[in-house]
Asker: 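Take a look at this one; I'll ask things after.
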Amino acid sequence: MTITDLIQSAVTTAIQELYGEAIPAEQAIPTVTRKEFEGDYTIVTFPFTRFAKKKPGEIAEELGAHLVKNVPQLVRFNVVQGFLNLVVADSFWSDFLLQMAGNPDFGRAPKNGKKVMIEFCSPNTNKPLHLGHVRNILLGWACSQICEAAGYDVVKVQVINDRGIAICKSMLAWQKFGEGATPESTGTKSDHFVGDWYVRFEQEFQDEYRTWQGSGAGQQLLAEKRKADQDDKTFFKDYKNTYFNTTSPLGKEAREMLLLWEAGDPDTKALWQRMNQWVYDGFEATYEALGVNFDKFYYESNTYLLGKDIVEQGLASGVFYKKDDGSVWADLTDAKLDHKVVMRSDGTSVYITQDLGTAQMRYQDFGTEKMVYVVADEQNYHFQVLFEILKRLGEPYAAGLHHLSYGMVDLPSGKMKSREGTVVDADDLIAEVIAEAREASKERGEIVELTKPEQEDILRKIGLAALKFHIIKVTPQKRMVFDPKESVDLQGQTGPHIQYAYVRIKSVLRKASDSGLRIADSGLGAAIRNPQSAIEPQERELIGQLYRFPATVQVAAANYDPSEIANYCYDLAKAFHRFFTDLSILKAETEEAKAFRLQLCAAVANVLKTGMGLLGIEMPERM
RNA sequence: GGCUCCGUGGCUCAAUUGGAUAGAGCAUCUGACUACGGAUCAGAAGGUUAGAGGUUCGAGUCCUCUCGGAGUCACCA
């Protein structure tokens, strides 16, 4: 039982005994006392005035006296307005420290026997990964690590959109203009290679379109169809899609290629396979650079026909209805959603049909009672509809579905736009943050005596910590502004700032160890249990933070919110830095204090490493 | 236009889910190294939490309206 649980139940008992009122447990939850007051936990007594018929301050006095008398772990209290601040005994904190310090898995819950599937990244195969994917990947990865720490078995999956007109454009451009070039022959990272052909297609198409606009046919159409409030440019911009689908020779070729693919044409399939493989190889390199991996890949080329049997079932059970033209719909108006097509009148599936089928398939594959989709918030409506339909279909996993919706990433200049070339490439970004770490390290010169590979490993850890922390610290649901300059900051509220706390501890522990001190000595343990002097405020602050870690992991898992962990780690590192400048460790006043502080340092290092590890951020031993 | 989400110092983000004087970082200014690592710490300045009402002991948080921004409303994916 945690101290907060203990206080909570003691408060409900006390209220019962003092005022004869049975209050709901959630009204007795202690909060952490604000720094400017003395105390560890606070109970707000305003809600109790209703039945106690006394002033909040009076209630707080009575409650405080009762609690201190009945709860051995509470030694004092003070009252400010209606706030009852409770002071926990030093011995409780030092006992806790002693007990958790030897546990490298502190913060990790035992297995809870439940499984959760987390889908993230889910790219298209015609372009390399960009900043948007990076946020997605970091969120998904961190969530999977956090859920695992919270006791779940986690299955990490992604759904790859490997088919459709987009990849056909890359294929066609390569076929027409590539002259057999390969990533190897051009020295290009293979996913970028494929992306370049996609760009080439768009360029060729634009050229073709521009020429056509000046032609007799184009001018004639303009004269006939242009609306009064349109200038020529906007007209042709709006018409582009129609031109691609009806008039363009290149468009025709691309669509024919898609038809060949759907018909299973061997040559087309072979080309498709070859180009997709290039993309996968490139993605894999990026995943590795980011330090993430997946347990299972689902490919849309395998799943895009799924879901039709579900439509049949839904029709039979009355969840769906059929229109005269043969199309099948779900009426979700009573859930404030709308009517939604689940099958076209020609009997082919739409996007959501495939999602219905894929959900079922995954459940059959893994039997996970929870499924999390990490997808940008532009698809909020889609997931509302999807989940509502699955619920109505009575799927056993429907209650465990969750859309981890995250906001788009903007640049200081505004939205990322591929057409304007403002998309931030993932590989470039990674290289850039590491280069920045290298520059900063040069000025410091702390790691010059290490071997080159050791140095590079550290610089990689620092650069990635800066990037990852900068993105993960933001609440997922919020749209965020990503300033590349700020993402490589190494000072302040950053990943490296937290790494630095860890490195400082490691340095102290090395020195302690060099002088023959071992913090695990039982004699030191005994000293910790009987501290000669009271625990200093800076120490107390740190221990209190450590104590909060397991609960923070649980909350982060329950909310699928890695930013919770990021903020926790920052607070802990900040508290450590303060402790470090205020108090001496190796030159502490007494041997007991020295042992205590070393133990505390080791515990902080351990939690920092675990916590940052949950975010996919590695800790260097030096920097 | 309908629906959904968002609006917090110059900038980027917090706020223990309705609690105390709204906290951090960046940028600006000032101070702290013959120190266990200065990628640090301490301090100053900067706020009518977009605006107006309301609910209550108490509102950045809940309700209503206004303003501003975003997303979404395909037999696309």
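Below, read A as the first sequence line, B as the second, and so on, with proteins coming before strands; counting in each chain starts at 1. In this text the structure is predicted, and so the values were computed from the model without any measurement.
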Asker: Less than 6.0 angstrom separating the ring centers of H577(A) and Y500(A), yes or no?
Answerer: yes
Asker: Could you tell me how far apart I167(A) (CD1) and rC76(B) (P) are, to the nearest whole angstrom?
Answerer: 21 Å
Asker: Report yes if some heavy atom in the side chain of D410(A) is under 4.5 Å from a heavy atom in the side chain of M416(A); otherwise report no.
Answerer: no
Asker: Provide, to the nearest angstrom, the distance between the OH atom belonging to Y570(A) and the C1' atom belonging to rU40(B).
Answerer: 11 Å
Asker: For rG69(B) and rA50(B), measure between their C1' atoms and round to the nearest Å.
Answerer: 11 Å
Asker: Reckon N161(A) touches a base, only the sugar-phosphate, or nothing at all at heavy-atom distances under 4.0 Å?
Answerer: sugar-phosphate
Asker: Looking only at atom C1', what distance separates rA45(B) and rG1(B), rounded to whole Å?
Answerer: 47 Å
Asker: Give the dot-bracket string for RNA chain B, reading 5' to 3', where a pair is Watson-Crick or G-U wobble with both distances under 3.5 Å, ( ) marks pairs inside the strand, [ ] marks pairs crossing earlier ones, | marks a partner on another strand, and . marks unpaired.
Answerer: (((((((..((((.....[...)))).(((((.......))))).....(((((..]....))))))))))))....
Asker: Can you find an N or O donor on one side and an acceptor on the other, under 3.5 Å apart, linking the side chain of T42(A) with the base of rA20(B)?
Answerer: yes
Asker: Among rC41(B), rA20(B), rC57(B), which is the nearest nucleotide to the side chain of V80(A)?
Answerer: rA20(B)
Asker: rG25(B) and rG43(B): how far apart are their P atoms, nearest whole angstrom?
Answerer: 10 Å
Asker: Base, sugar-phosphate, or nothing: which does V555(A) touch, judged by heavy atoms less than 4.0 Å apart?
Answerer: nothing
Asker: Treating T246(A) as the side-chain partner and T242(A) as the backbone partner, does any N or O pair qualify as donor plus acceptor under 3.5 Å?
Answerer: yes
Asker: Are the ring of F83(A) and the six-membered base ring of rG19(B) within the stacking cut-offs of under 5.5 Å and under 30°?
Answerer: no
Asker: Suppose we call two aromatic rings close when their centres sit under 6.0 Å apart. Are H382(A) and Y351(A) close by that rule?
Answerer: yes
Asker: Looking only at the side chain of V32(A) (C-beta and beyond, no hydrogens), which of the listed nucleotides rU40(B), rU16(B), rG38(B) gets closest?
Answerer: rU16(B)
Asker: In terms of base orientation, is rU40(B) syn or anti, with the syn window spanning 90° either side of 0?
Answerer: anti
Asker: Check whether R622(A) reaches the backbone of S507(A) with its side chain - one donor and one acceptor, N or O, closer than 3.5 Å.
Answerer: no
Asker: Closest nucleotide of RNA chain B for R622(A) versus for T31(A): which of these residues is on the 5' side?
Answerer: T31(A)
Asker: Please list each protein N or O that sits under 3.5 Å from an N or O in nucleotides 10-14 of chain B, with the distance.
Answerer:
residue, atom, partner, partner atom, Å
rC13(B), OP1, V481(A), N, 2.6
rA14(B), OP1, T475(A), N, 2.6
rA14(B), OP1, T475(A), OG1, 2.4
rA14(B), OP2, K478(A), NZ, 3.1

Asker: Using atom types as modelled, flag every donor-acceptor pair under 3.5 Å from a side chain in residues 564-575 of chain A to any protein atom, sequence neighbours excluded.
Answerer:
residue, atom, partner, partner atom, Å
N567(A), ND2, S563(A), O, 3.1
Y568(A), OH, Q545(A), O, 2.6

Asker: Counting only side-chain nitrogens and oxygens, does K55(A) get under 4.0 Å of the OP1 or OP2 atom of rC57(B)?
Answerer: no
Asker: For A437(A) and for S584(A), locate the closest nucleotide of RNA chain B by heavy-atom distance; then report the residue assigned to the nucleotide nearer the 5' terminus.
Answerer: S584(A)
Asker: Rounded to whole Å, how long is the line connecting atom NE2 of H382(A) with atom P of rA74(B)?
Answerer: 14 Å
Asker: How long is the line joining CZ of F383(A) and P of rU4(B), in whole Å?
Answerer: 20 Å
Asker: Between R548(A) and T552(A), does any side-chain donor sit less than 3.5 Å from a side-chain acceptor?
Answerer: no
Asker: Which one, rC36(B), rG38(B), rC41(B), comes nearest to the side chain of R504(A)?
Answerer: rG38(B)
Asker: At less than 4.0 Å, is any side-chain N or O atom of S507(A) found next to OP1 or OP2 of rG37(B)? Yes or no.
Answerer: yes
Asker: For the side chain of L586(A), counting heavy atoms from C-beta on, which of rA20(B), rA77(B), rC36(B) is nearest?
Answerer: rC36(B)
Asker: Kindly indicate whether the side chain of D162(A), heavy atoms from C-beta on, has any atom under 4.5 Å from the side chain of N302(A).
Answerer: no
Asker: I'd like the P distance from rU8(B) over to rU48(B), given in whole Å.
Answerer: 13 Å
Asker: Using a 4.0 Å heavy-atom cut-off, does L337(A) contact any base of the nucleic acid, only the sugar-phosphate backbone, or nothing at all?
Answerer: nothing
Asker: Just checking, any donor-acceptor pair under 3.5 angstrom between side chains of H403(A) and Y560(A)?
Answerer: no
Asker: What contact category does Q384(A) fall into here, base, sugar-phosphate, or nothing, at under 4.0 angstrom with non-hydrogen atoms?
Answerer: nothing
Asker: Expressed as a whole number of angstroms, how long is the span from D582(A):CG to rG43(B):C1'?
Answerer: 14 Å
Asker: Between Q499(A) (side chain only) and A466(A) (backbone N and O only), is there a donor and an acceptor less than 3.5 Å apart?
Answerer: no
Asker: Please evaluate residues E300(A) and Q354(A) with respect to the criterion side chain to side chain donor-acceptor pair (under 3.5 Å), reporting the C-alpha separation (whole Å), side-chain torsions for both, the decisive distance (0.1 Å), and the verdict.
Answerer: CA-CA 8 Å; E300(A) 291 202 2; Q354(A) 167 188 319; 3.3 Å; yes
Asker: Looking at H577(A), I'd like to know whether one of its side-chain N or O atoms comes within less than 4.0 Å of OP1 or OP2 on rC36(B).
Answerer: no
Asker: Mind checking the C1' distance from rU56(B) to rG19(B)? Whole angstroms is fine.
Answerer: 12 Å
Asker: Report which part of the nucleic acid P47(A) touches: base, sugar-phosphate, or nothing (heavy-atom distance under 4.0 Å, all strands).
Answerer: base
Asker: For K415(A), report the nucleic acid contact type (base, sugar-phosphate, nothing); a contact means any heavy atom under 4.0 Å.
Answerer: sugar-phosphate
Asker: Tell me what N241(A) touches on the nucleic acid: a base, only sugar-phosphate, or nothing, going by heavy atoms under 4.0 Å.
Answerer: nothing
Asker: Distance between the C1' atoms of rU40(B) and rG60(B), in whole angstroms?
Answerer: 32 Å
Asker: Closer than 4.0 Å, any side-chain N/O of K336(A) to the OP1 or OP2 of rU4(B)?
Answerer: no
Asker: May I ask you to check whether Y19(A) and E62(A) show a side-chain donor-acceptor distance below 3.5 Å?
Answerer: yes
Asker: With sugar-phosphate meaning primed atoms plus P, OP1 and OP2, does V350(A) contact a base, only sugar-phosphate, or nothing at under 4.0 Å between heavy atoms?
Answerer: sugar-phosphate
Asker: Roughly how many Å is it from CE in M408(A) to P in rG71(B), rounded to a whole number?
Answerer: 8 Å
Asker: Contact class for N559(A) vs. all strands (heavy atom < 4.0 Å): base, sugar-phosphate, or nothing?
Answerer: base
Asker: Name the nucleic acid region contacted by R34(A), choosing base, sugar-phosphate or nothing; use a 4.0 angstrom heavy-atom cut-off, strictly under.
Answerer: base
Asker: Mind checking whether Y41(A) and F77(A) have ring centres under 6.0 Å apart?
Answerer: no
Asker: For rU40(B), take OP1 and OP2 only and decide whether either is under 4.0 Å from a side-chain N or O of R578(A).
Answerer: no
Asker: Determine, answering yes or no, if F46(A) is stacked on rG19(B) under the 5.5 Å centre rule and the 30° plane rule.
Answerer: yes
Asker: Take atom CZ of F469(A) and atom P of rC26(B), then tell me their distance rounded to the nearest Å.
Answerer: 13 Å
Asker: Does the ring of F37(A) lie flat against the base of rA20(B), closer than 5.5 Å centre to centre with planes under 30°?
Answerer: yes
Asker: Can you identify which nucleotide, out of rA20(B), rC76(B), rG37(B), has its nearest atom closest to the R344(A) side chain?
Answerer: rC76(B)
Asker: Between Y373(A) and F387(A), does a ring pair (Phe, Tyr, Trp, His ring centres under 6.0 Å) hold up when you go through it step by step?
Answerer: CA-CA 11 Å; Y373(A) 297 78; F387(A) 294 168; 5.7 Å; yes
Asker: How close or far is atom C1' of rC36(B) from atom OH of Y502(A), stated in whole angstroms?
Answerer: 17 Å
